[in-house]
**Student:** 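Supplied in structure tokens, the structure appears directly below.
All of these numbers come straight from a predicted model, not from anything done at the bench.
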Amino acid sequence: MLVKTYGAAVHGIDAIPVTIEVATDLGVGYTIVGLPDTAVRESYDRVRSALKTVNCDSPRQRVIINMAPADIRKEGSAYDLPIAVALAAIKGVIPAESLDSCLIMGELALDGTVLPVKGALPMAIMAREKGFKSMIVPIANATEAAVVNNLDVYGVNHLNEVTGLLSHTLSIGPTIVNTREEFKKAGESFDFDFSEVKGQENVKRALEVACAGGHNILLVGPPGAGKSMMAKRLPSILPPLTLSEALETTKIHSVAGKLGRGSMLMTVRPFRSPHHTVSPVALVGGGSNPMPGEISLAHNGVLFMDEFPEFPRTVLEVMRQPLEDRKISISRARYSIDYPAGFMLVASMNPCPCGYYNHPTRECTCAPAAVQRYMSRISGPLLDRIDIQVEILPVGFDELTSTTESESSAAIRERVIRARDIQQKRFATEPDVHCNAQMNSRLLKKYAPTSPEVTELLKKALVRYQMSARAYDRILKVARTIADLDNSPEITTAHMHEAVSYRNLDRATWGTSVNKTPF
């Protein structure tokens, strides 16, 4: 006898349909074929124990289990449940015809409990696209999968609920989620607010510009100046996720197993802050069992890298291509996977090993060569991809003890959203371009033209500070964003002045007295 059930395999952040064929033959024992990994090969013993809890013995014949397509590796324990259902159908506990339009995934404990799995959301999306009418998943994944409309999602706790549902002896209602209504009601509350930050108005302004244009930003300053404190407040001024962004972000976190029990769509932009001991694979993704890395988990959000020069050079250099292409392509002998990586990089660093180079009151104890070596840990090509570079100085005592309320994140966010709306309309006809930071040279000529007066100002700045040619495009992008914040169709000299001030590390005179004088 041959019975077919249907499951899914996750490839990247998408799912592929998998047909589980179970047949019996003369002999004893079992065989699982179709490129199963160790977890799949071990599933039969879990399934046999779980079937006993529903008074169903495994067939007393040789069992052959084929997982098609056979050239795609099947990984993980989520195939326990479809294999168990197929064996129950062979024994007559479940009618085989009830399995034709149902996708089933779940891990089984020895007592029949159905345990949660990774990737339920992309599996549900695939099930709807392939014409499945229903899907059975662990109860912990039901809300996540039910985000997909036009698909009946049943959450189950135990194998006996699955057999009762498929044999029509138990009535279980599908999980209902009104995606748009729930997403609209979901409020964004943040633990940190810019109203708690004393002083540092110039840095707050730079962060506002970065969020308004999607620019990468580097904060340079001594210990205790507030770099990490302000970086952690960035999500509170970023524009809210759109429904499509929320769906894509949730898919990535679902595949990585980062969603909690009963989670629905993510409504807050992700904020990832890996330690500087992170490995290249943990940062970009991959591994023996491919998983999204930190840059993909930060997709549509912020990747904060504190103590930037302390990251190994190999780790920093692997970010160059994702920063440019907004995706990471991982190619190995057994697989090739693309993960999205459209994140906003926020990095912070000390100006030197001791941390007090260019400090207004404390003396730096580092030799000039040591300062240069420390700064050179960040390569020119990587620095080239960071549009805004801001120097932070410590807050004075009077500002620190001031009782004046600082501007709230909500007020800053309103301006950021208005600027992003302008950019959305501007790039409506440009594919894969959503904000100013993503403009190439062609788009800069089209959307960021400058008057002769502004062009002359930029020329003087480049000559005065001996900036490299790579700074030219970056300054124009930032100037365009500043003009958007002012709701100005043209880039003015004031906008250009401010944009030039955000390229501290590009200046050949950085850290000297010349750096302090206006051009």
Side-chain angles (χ1 to χ4, degrees), residues 197-200 202-203 206-207 210 216-234 272-280 282-283 294-295 302-320 323 345-397 399-400 465-468 470-471 474 501-517:
V197 180
K198 301 293 184 180
Q200 303 291 13
N202 63 319
V203 184
L207 293 172
N216 301 319
I217 184 170
L218 174 63
L219 307 176
V220 184
K227 303 185 294 295
S228 301
M229 178 182 67
M230 285 184 281
K232 290 177 181 178
R233 284 159 174 76
L234 267 180
R272 305 295 299 182
S273 180
H275 192 260
H276 60 75
T277 55
V278 67
S279 68
L283 187 69
E294 289 291 338
I295 62 173
V302 174
L303 178 70
F304 177 48
M305 302 185 75
D306 199 7
E307 304 296 343
F308 203 38
E310 301 300 330
F311 284 80
R313 186 67 172 256
T314 53
V315 171
L316 293 179
E317 293 306 301
V318 297
M319 290 201 305
R320 285 163 53 178
L323 282 170
L345 174 64
V346 180
S348 69
M349 60 179 287
N350 296 328
C352 67
C354 79
Y356 297 104
Y357 179 68
N358 214 26
H359 194 280
T361 59
R362 297 191 61 168
E363 184 178 355
C364 175
T365 60
C366 304
V371 176
Q372 185 61 36
R373 282 195 303 270
Y374 187 77
M375 297 300 298
S376 64
R377 293 183 185 179
I378 306 171
S379 67
L382 180 57
L383 196 62
D384 177 34
R385 290 161 172 79
I386 301 178
D387 296 349
I388 299 177
Q389 306 151 9
V390 182
E391 190 174 2
I392 301 178
L393 296 177
V395 178
F397 181 79
E399 285 183 305
L400 196 61
Y465 291 122
Q466 303 174 42
M467 291 184 182
S468 62
R470 67 173 178 256
R474 305 293 169 177
S501 71
Y502 294 145
R503 296 296 297 185
N504 284 21
L505 298 189
D506 263 345
R507 307 179 185 190
T509 54
W510 180 80
T512 68
S513 59
V514 177
N515 187 45
K516 302 300 182 183
T517 59

**Student:** Looking at CZ of F304 and OG of S348, how far apart are the two atoms once the value is rounded to the nearest 0.5 Å?
**Tutor:** 3.5 Å
**Student:** With rounding to the nearest 0.5 Å, note down the distance linking OG in S501 to CD in E391.
**Tutor:** 11.5 Å
**Student:** Decide yes or no for F311 and M305: does some side-chain heavy atom of the first lie under 4.5 Å from some side-chain heavy atom of the second?
**Tutor:** yes
**Student:** Check for a donor-acceptor pair, side chain of R474 on one end and backbone N or O of D384 on the other, with a separation under 3.5 Å.
**Tutor:** yes
**Student:** Which heavy atom of Y357 sits nearest to which heavy atom of C352, and what is that distance?
**Tutor:** N-SG, 3.3 Å
**Student:** Tell me the ring pair (Phe, Tyr, Trp, His ring centres under 6.0 Å) pairs involving residues 373-396, sequence neighbours left out?
**Tutor:** none
**Student:** State, with a plain yes or no, whether a side-chain heavy atom of L218 is found less than 4.5 Å away from one of M349.
**Tutor:** yes
**Student:** Going through the distances and angles, do V203 and M230 end up as a side chain to side chain contact (heavy atoms under 4.5 Å, CB included)?
**Tutor:** CA-CA 9 Å; V203 184; M230 285 184 281; 3.6 Å; yes
**Student:** If you round to the nearest 0.5 Å, how far is NE2 of H275 from CD of E307?
**Tutor:** 8.5 Å
**Student:** How close do R313 and S376 get, counting heavy atoms only, and between which atoms?
**Tutor:** NH1-O, 3.6 Å
**Student:** Would you say that N216 contacts I388 through its side chain, given a criterion of any heavy-atom pair below 4.5 Å between the two side chains?
**Tutor:** no
**Student:** What is the distance from atom CG of L303 to atom OG of S273, rounded to the nearest 0.5 Å?
**Tutor:** 8.0 Å
**Student:** Do other residues, nucleotides or ligands put more than 12 heavy atoms under 6.0 Å from K198 NZ?
**Tutor:** yes
**Student:** Where is the tightest heavy-atom contact between R385 and L323, given as atom of each residue plus distance?
**Tutor:** CD-CB, 4.0 Å
**Student:** Looking at residues at least two apart in the chain, or sitting in another chain, which of them share a side-chain hydrogen bond (donor to acceptor under 3.5 Å, both in side chains) with S228?
**Tutor:** D306
**Student:** Could you state the interatomic distance from CG (L316) to CG (L382), rounded to the nearest 0.5 Å?
**Tutor:** 6.0 Å
**Student:** Any luck finding a side-chain donor-acceptor pair between E317 and S379 under 3.5 Å?
**Tutor:** yes
**Student:** Contact between H276 and V315 at the side-chain level, heavy atoms closer than 4.5 Å - yes or no?
**Tutor:** no
**Student:** Would you sort out whether L283 and I295 count as a side chain to side chain contact (heavy atoms under 4.5 Å, CB included), showing the intermediate values?
**Tutor:** CA-CA 6 Å; L283 187 69; I295 62 173; 4.0 Å; yes
**Student:** Less than 4.5 Å apart, side chain to side chain, heavy atoms only: is that true for P309 and I378?
**Tutor:** yes
**Student:** Would you say that D387 contacts I217 through its side chain, given a criterion of any heavy-atom pair below 4.5 Å between the two side chains?
**Tutor:** no
**Student:** Would you check, one step at a time, whether the test side chain to side chain contact (heavy atoms under 4.5 Å, CB included) holds for V220 with I392?
**Tutor:** CA-CA 6 Å; V220 184; I392 301 178; over 6 Å; no
**Student:** In Å and rounded to the nearest 0.5 Å, what is the NZ to CG distance from K227 to L219?
**Tutor:** 8.0 Å
**Student:** Compare all side-chain heavy atoms of V346 with those of L234 and state whether any distance is below 4.5 angstrom.
**Tutor:** yes
**Student:** I'd like to check H359 versus L393 (side-chain heavy atoms, cut-off strictly below 4.5 Å). Are they in contact?
**Tutor:** no
**Student:** Taking salt bridge (Lys or Arg N to Asp or Glu O under 4.0 Å) as the cut-off, I'd like each qualifying pair that reaches into residues 359-377, sequence neighbours left out, listed once.
**Tutor:** E310-R377
